[in-house]
Amino acid sequence: MSQIFIGKLIEEELRSQDRSVVWFANKLSCNRTNVYKIFHRASIDTEILLRISNVLKRNFFDVYTDRLSV
């Protein structure tokens with residue numbers, strides 16, 4: 001099973017919505033530097049991922065739950 005690179009997926013979603021990094025940083029109440037750090041993460045804290053999912057109106061948790069074998 002290949003690793004999920006969540007930061008890249010977040011960046012791709014932001015770009016597909018034609019939103020700027022500045023807009024995204026403002027919505028997350030952080031600075032642009034932190035947004036670029038998010039883009040380079042292979043994993044992310046669930047609370048941050050929830051905030052990002054709400055801001056971008058996309059459930060990023062689906063990326064993980066789709067890979068569950070229960």
- Message: Using a 6.0 Å cut-off, check whether atom CZ of Arg15 has over 12 heavy atoms from anything other than its own residue.
- Response: yes

Which pairs would a plain distance check flag for residues 41-54, meaning a side-chain donor or acceptor within less than 3.5 Å of a matching protein atom at least two apart in sequence or in another chain?
residue	atom	partner	partner atom	Å
Asp45	OD2	Glu47	N	3.0
Asp45	OD2	Ile48	N	3.4
Arg51	NH2	Leu28	O	2.3
Ser53	OG	Leu49	O	2.9
Ser53	OG	Arg58	O	3.2
Ser53	OG	Phe60	N	3.2
Asn54	ND2	Leu50	O	3.3

- Query: Between Phe39 and Phe5, what is the shortest heavy-atom contact and its length?
  - Reply: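 In terms of heavy atoms, the two residues are closest at O-CE2, 3.7 Å.
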
- Taking all non-hydrogen atoms of both residues into account, name the closest pair between Leu56 and Gln17 and its distance. O-NE2, 2.7 Å

- Roughly how far, to the nearest 0.5 Å, is the CG atom of Asn59 from the OH atom of Tyr64? 11.5 Å

- Message: To the nearest 0.5 Å, what is the distance between CG on Asp62 and CZ on Arg67?
- Response: 13.0 Å

- Evaluate the side-chain proximity of Ile10 to Leu14: yes if any heavy-atom separation is below 4.5 Å, no if none is.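 Result no, sub-4.5 Å side-chain heavy-atom pair not found.
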
- Message: Do Lys8 and Glu11 have side chains that approach each other closer than 4.5 Å (heavy atoms only, starting at C-beta)?
- Response: yes

- Got a sec, which pairs hit salt bridge (charged side-chain N to carboxylate O under 4.0 Å, His left out) with one end in residues 18-28, sequence neighbours left out?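 Those involving residues 18-28 do not exist here.
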
- Message: Using the rule that Ile, Leu, Val, Met, Phe, Trp and Tyr join whenever any side-chain heavy atoms are under 4.5 Å apart, tell me whether Val21 and Trp23 fall into a single cluster.
- Response: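 They do share one cluster, since a chain of ILVMFWY contacts under 4.5 Å joins Val21 to Trp23.
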
